[in-house]
Amino acid sequence: MTKKKDITEDLKELEKRVVEFDFRKTKDVGKEKIASLQVIFDAFSQKVASSLSAKLASTVQTKVLTVTQFAYADFAKTIQVPTVLGMIDMSPLKGMALIEVTPNVIFNFIDRLLGGKGEVISLTRGLTDIEFEVVEGIMGDFVKDLKNGWANVITLTPQVKRIESNPQFVQITSPQEKVLVGTIEVKTGETTGNMTLCLPFLTIEPIISKFTGEGEPALSEEIKSTASPEDMAKMRKTITDVNIPLIVELGKTEVTMRDMLELKEGDVMRLKTKVDEPLVMYANEIPKFKCRPGIIGTRIATQIIGRIESGGED
């Protein structure tokens, strides 16, 4: 009788400890965690701006607009059709992430990479086979930026698994599961659009403590500083491998079309540049240096004598 009474009391004690759990209810990411995660989105955004500027040989500006959380089904409803969606394997983390780029931005990138000037394009169609190949390369660069942006938190080996244009064909988590969505504004020339990074909570849950200080150190000062010495060193290393065309302009003049058509070998054209006036060296079609012409051995050369700043000369 005593044993039965003891068991009954033990069961009642256990019942007090039991907490009801609804598996259909998804977890929310606290505001503190989102604020910390935004630093990571900022780092990713800066890496994208740097790599795209080098790849397109044109200035690309990026800015994180929002970092919010949605149920995946609600996020999917916000995606326009058609679009460009990259499914990214986030190994060693489990699950997939999504990178979406609005069509006007992606077609601008394609136009520049195929030799165009990056004019404002507002196409709302799918990709051709050639365009698809170009987009694969762009997504590959985004994946490298993602790896570098998270380097101070975890060593990722992300890979592009698939590229789609219709969100109905993309399912990276269950409809009711929470996802973190970072919206990044991308501006190049006169074209402005968005790229979006979508991360399921289940994917980043194993490392979420690193963003809150719970059981793991909070984010390092290197991550908090958007211009740390380490980031600057990595950026310099990336820039040193970029090829930039340099053109020295000997001078300018104006001629009529008739005179142009009548030009022949041996003709002399008078330029507006004076003999003792410095020449202008262009870096990627932008005037950057003042220089003088000369010769080194048998080669034509120029000597840089000053820098031309955007706001004037020094």
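We count residues from 1, following the sequence as given. Every value quoted in this text rests on a predicted model; they were computed, and no experiment measured them. Every heavy atom of this structure was used, including side-chain atoms; hydrogens, water molecules and symmetry mates were not.
Side chain of T173 to backbone of P200: no donor-acceptor contact under 3.5 angstrom is found. Checked by atom type and distance alone, the side chain of N148 pairs as donor or acceptor with a backbone atom of K144 at under 3.5 Å. Formation of a donor-acceptor pair under 3.5 Å by the S50 side chain with backbone atoms of Q46 is not found in this model. With E131 contributing its side chain and T128 its backbone, the two residues share a donor-acceptor pair below 3.5 Å.
A 4.5 Å side-chain heavy-atom check between I138 and I106 finds at least one atom pair inside the cut-off. Looking at heavy atoms from C-beta onward, I79 lies in side-chain contact with L85 at the 4.5 angstrom threshold. Side-chain contact check for L114 versus V134: some heavy-atom pair is nearer than 4.5 Å. No side-chain heavy atom of F142 sits under 4.5 Å from any side-chain heavy atom of K47. Between T83 and S165, the closest side-chain pair of non-hydrogen atoms is not below 4.5 Å. Considering only heavy atoms from C-beta on, T192 comes within 4.5 Å of E185 through its side chain. Residues E136 and V160 form no side-chain contact, since every pair of their non-hydrogen atoms from C-beta on lies 4.5 Å or further apart. Here the side chains of Y72 and K77 are not in contact, with every heavy-atom distance at 4.5 Å or above.
Taking each heavy atom of V248 and M281 in turn, the nearest pair found is CG2-CE, 3.8 Å. Q159 approaches V143 most closely through the heavy-atom pair N-CG1, 4.1 Å. Between K94 and T203, the closest heavy-atom pair is O-OG1, 3.0 Å. Listed here is the closest heavy atom pair of V81 and P167: CG2-CD, 3.5 Å. M90 and L156 get closest at one heavy-atom pair: O-CD2, 3.7 Å. A pairwise comparison of heavy atoms in K63 and S45 identifies N-OG, 3.8 Å as the closest pair.
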Would F75 and T68 satisfy side-chain contact (heavy atoms from CB on, under 4.5 Å), going step by step from the backbone distance to the final call?
CA-CA 10 Å; F75 164 69; T68 53; over 6 Å; no
Given side-chain contact (heavy atoms from CB on, under 4.5 Å), test V280 with K290 step by step and report yes or no.
CA-CA 5 Å; V280 176; K290 296 180 290 182; 5.8 Å; no
Check the pair S58, R112 against side-chain contact (heavy atoms from CB on, under 4.5 Å), reporting the backbone distance first and the verdict last.
CA-CA 9 Å; S58 177; R112 289 180 182 274; 3.3 Å; yes
For V60 and K187, what are the C-alpha separation, side-chain angles and deciding distance, and is it a side-chain contact (heavy atoms from CB on, under 4.5 Å)?
CA-CA 6 Å; V60 177; K187 184 175 182 180; over 6 Å; no
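Atom-to-atom distance recorded for K288:NZ and I286:CD1 is 6.5 Å, nearest 0.5 angstrom. From I163, atom CD1 reaches atom CE of M139 across 5.5 Å, with rounding to the nearest 0.5 Å. Note that the NZ atom of K272 and the NZ atom of K252 stand 9.5 Å from one another [nearest 0.5 Å]. Note that the CZ atom of F70 and the OG1 atom of T78 stand 6.0 Å from one another [nearest 0.5 Å]. In this structure, the separation between NZ on K178 and CD on E205 is 13.0 Å, given to the nearest 0.5 Å. The distance from atom CG of L52 to atom OG1 of T188, rounded to the nearest 0.5 Å, is 8.5 Å.
Under a cut-off of 6.0 angstrom, the local environment of CD in Q80 is crowded, with over 12 non-hydrogen atoms contributed by other residues, nucleotides or ligands. For L261, the CG atom is densely surrounded, since the number of other residues' heavy atoms within 6.0 Å is greater than 12. For L263, the CG atom counts as densely surrounded, since its 6.0 Å shell holds more than 12 non-hydrogen atoms of other residues, nucleotides or ligands. The 12-atom threshold is not exceeded at CD1 of I300, counting heavy atoms of other residues, nucleotides or ligands nearer than 6.0 Å.
Between the side chains of D145 and S51, a donor-acceptor pair is found at a separation under 3.5 Å. Remark: the T256 side chain and the D259 side chain contain an N/O donor-acceptor pair separated by less than 3.5 Å.
With I184 as the partner, the side-chain contact (heavy atoms from CB on, under 4.5 Å) test is satisfied by one option alone out of V67, T66, T62, N194: T62. Exactly one of L180, V48, V181, L146 qualifies for a side-chain contact (heavy atoms from CB on, under 4.5 Å) with L197. That residue is L146.
If you chain together hydrophobic residues whose side chains sit under 4.5 Å apart, I172 and L93 never meet in one group. In the hydrophobic clustering of ILVMFWY residues, with side-chain heavy atoms under 4.5 Å counting as a link, V105 and V84 come out together. In the hydrophobic clustering of this structure, I99 groups with I154; members are Ile, Leu, Val, Met, Phe, Trp, Tyr whose side-chain heavy atoms approach within less than 4.5 Å, directly or through other members. The hydrophobic cluster containing L98 does not contain I88, counting ILVMFWY residues as joined when their side-chain heavy atoms lie under 4.5 angstrom apart, directly or transitively. L250 and L246 fall within the same hydrophobic cluster, defined by Ile, Leu, Val, Met, Phe, Trp and Tyr side-chain heavy atoms under 4.5 Å apart, directly or through other members.
Taking 4.0 Å as the cut-off between side-chain N and carboxylate O, E262 and K264 do not count as a salt-bridged pair.
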